[in-house]
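Because only heavy atoms are used, hydrogens play no part in the values below, and waters and symmetry mates are left out as well, while side chains stay in. Order of the sequence lines sets the chain letters (A, B, ...), proteins ahead of strands, with each chain counted from 1.
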Protein chains: 4
Amino acid sequence: MPKIDIKPKRFAEILDAAAEIFAEKGYHGASTTDIADKLGIKQAGLYYYFKSKDSALAEVCRLGVQGYVERLVTISQSELSADQKIRAAIREHLQPFHHIRNHVRVFQSERRYLAGENRSEVNKLARKYERELRRLFEAGVAAGEFRQNLDCKLTTLALLGMCNSVTIWYDGKSEKQILKIADNYADIIIGGVVK
Amino acid sequence: MPKIDIKPKRFAEILDAAAEIFAEKGYHGASTTDIADKLGIKQAGLYYYFKSKDSALAEVCRLGVQGYVERLVTISQSELSADQKIRAAIREHLQPFHHIRNHVRVFQSERRYLAGENRSEVNKLARKYERELRRLFEAGVAAGEFRQNLDCKLTTLALLGMCNSVTIWYDGKSEKQILKIADNYADIIIGGVVK
Amino acid sequence: MPKIDIKPKRFAEILDAAAEIFAEKGYHGASTTDIADKLGIKQAGLYYYFKSKDSALAEVCRLGVQGYVERLVTISQSELSADQKIRAAIREHLQPFHHIRNHVRVFQSERRYLAGENRSEVNKLARKYERELRRLFEAGVAAGEFRQNLDCKLTTLALLGMCNSVTIWYDGKSEKQILKIADNYADIIIGGVVK
Amino acid sequence: MPKIDIKPKRFAEILDAAAEIFAEKGYHGASTTDIADKLGIKQAGLYYYFKSKDSALAEVCRLGVQGYVERLVTISQSELSADQKIRAAIREHLQPFHHIRNHVRVFQSERRYLAGENRSEVNKLARKYERELRRLFEAGVAAGEFRQNLDCKLTTLALLGMCNSVTIWYDGKSEKQILKIADNYADIIIGGVVK
DNA sequence: AATGAATGAGTGTTCATTCAT
DNA sequence: TATGAATGAACACTCATTCAT
């Protein structure tokens, strides 16, 4: 959390710069100087906004998961059919890749370098999200919509792996592209590739 | 490539240690001392086997992709049906996760930190693999086995993302488990989750 | 060139320390720790002033040649007789040995360890100085003051070798001594040792 | 001194390689690997011939001064006139620059890096040589051949500086060139540049 | 007459961090 | 809201040296 008297807008700029650098070079490959350079300030100046490099990473990660669980819960509680819920979940999962791509990438790949409490806190959220997602599949099986022999845990992991890997190659240029990807991926998960 | 006169067995041990450390801590988060410690030698001793940390990474990555393209080509040229080819491809893709898990993880996550020529060389292999995989889907569509509206490029990426993410959570304990995952993932890709 | 915002006085202190250590131990025999110790700071602190050991060497060398060419040109353009010009040149050559003895020694003996551009830049200056000096002899020959059979190139090299070697044994204690040496050397070059 | 059972010829080859490398890169800038590479052997193999890098330097330096004092004494005791003695001394001083150029260069520039006893031993020789040379001038003055006001110590140093600097630029290609230089330098020292 | 394999000490350099201003 | 100046710890890498073979 930023100091109370920091302008939120400037703070967000700092965060964005950090996210971009962390995403590009990895947490350990990035130096605070890289971040400062991107902002046009001297490296020591960063410490007005963050108490440590690790806390900057924590902040970026937090922004990267923000809202994920909530959006999934909303879908879960909706009146949609099981497959429509999956479709919606995929869309909600991918859409932030457009607006906060770097934060999400950092959350995915660099959160493991978080120290102590920050790591466990962020991981708890990740596990909660996974659990919530699995329930969507379990409900589909229970409702007879999905195959009875479906391994819901593996399916959840498959879905997550599939979706998260988009950050590796998505260029961030068009939101429409993201929605198209979401639909395609939903098609695959729901109905597979065969006729 | 290792120096000509080094015992291959010892060299492989060094490689394994490097792979394990890189996988665990990331390339930039890992120190050469970490690797040496794991081997029970002094850090300077590593430089008898590698000329730089970067070249060690290159070697690990090379081992991590080794054989992938070849196995895929073999499948592609076999007499199997399109869906059986996908199933076989997934199995061949995942099976090394058991034996050379760390090398594969390093290849996936750390190859981007390779410098210059090493990076491009390894990336070329990765792209070739992707292309070969896509042709499997394209052939399935052409043969009328897969949906006509299938976006083969996206499907390829989905498959890769799904499969590669296994390294994040697979604990390396049982090869049977890997085969089970492969089958489940093949079921999903081929037929989806619905009845 | 030092970073723009560094206090010139402090920077000169750093330079002097580097010059002294380089002169005493040679570039490769000197460690940055030696320099830092002399300044009473920690070794890492040097890198606030220099971006590399090599650039420190470059700076010291630059200071070691500074003004040499200019002073020689002034003499060359003066109204003095040829032998008086040589006498003046020797004096101007040796006098800095008193004030910036270490810089000159480093320029003489260590500039060959400079890398790339720094080396060629500094060498260019050295060659220009040599050329200018040779013209003094050539003019003396043309004017009929010096022997017609004088090999001006060799004579220039002889003069330089003679003068530069003073840095090897001059103890830096008295400026008067330097002027005495200059006069003696001028006597030798101009008239030799015989009656 | 080499081990008793080493072939003198091979030992000389090793010495030459060391001299060349030390001359080119300086003692501290040269690595034992550089020397081994030049010889086409592995670096550890050098230690069959030398017990340390320092002792290799000592051996090279010793070869670089070998005979100097003796030759000067011979000249001193000859029946030549004072100026002819100086001329002969310069010739004898420069001639080895052709045959053992690297050893001489190393003696001149790198002997200061010798440790302990080796250094003092070699320096003693150098001082002896200087003393012997000065006596040549003193004798010339005493005999009325040279100027009465000649500062013999400075003149000796001038002569040495002049002559030794030849190693900096002499390319080692023609022995005739060396003799020409010697004659020119003798002319300068003896009679100066004026008519 | 060397080499393979290693070590221990040191080297230049980077980096996160601090703090007075 | 930053910067100048510095530090301490770590880091990749080099190097002279050793010793069994």
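Using N1 to N3 plus N6-O4 or O6-N4 for Watson-Crick, or N1-O2 and O6-N3 for G-U wobble, each under 3.5 Å, E/dT7 pairs with F/dA16. Base pairing of F/dT21: its partner is E/dA2, meeting the Watson-Crick or G-U wobble criterion (both donor-acceptor distances under 3.5 Å).
D/H28 and D/Y113 have perpendicular rings, their planes meeting at more than 60° on a 0 to 90° scale where under 30° would count as parallel.
We find that NZ of B/K25 is positioned 12 Å from C1' of F/dA10, with the value rounded to whole Å. One can place CZ of B/F22 at 13 Å from P of F/dC11, the figure rounded to the nearest angstrom. Rounded to an integer number of Å, the gap from D/I35 CD1 to F/dC15 C1' is 12 Å.
Residue B/I41 has its side chain nearest to E/dT7 when only E/dA2, F/dC11, E/dT7 are considered. Distances were taken from every side-chain heavy atom of C/Y47 (C-beta onward) to each of F/dA16, F/dA12, E/dG12; the shortest belongs to E/dG12. In this structure, of F/dG4, F/dA16, E/dG8, it is F/dA16 that holds the atom nearest to the side chain of D/S31.
Sequence order on DNA chain E of the closest nucleotides to C/T33 and B/Q43 puts B/Q43 first from the 5' end. Two residues, C/L46 and B/A44, neighbour DNA chain F, and the one matched to the more 5' nucleotide by heavy-atom proximity is C/L46.
Rounded to the nearest 0.5 angstrom, A/T32 OG1 and A/I21 CD1 are separated by 11.0 Å. Residue C/E20 holds its CD atom at 9.0 Å from CZ of C/R105, rounded to the nearest 0.5 Å.
In this model, the phosphate group of E/dA2 is approached by a side-chain N or O of D/R10 to a distance below 4.0 Å at OP1 or OP2. When the side-chain nitrogen and oxygen atoms of A/Y48 are compared with OP1 and OP2 of F/dA2, none of them lie within a distance under 4.0 Å. Regarding contacts with the backbone of F/dA12, a side-chain N or O of B/K53 is found under 4.0 angstrom from either OP1 or OP2. Note on B/T32: a side-chain N or O is less than 4.0 Å away from OP1 or OP2 of F/dA12.
If you look at D/F22 and D/F107, their ring centroids are not closer than 6.0 Å.
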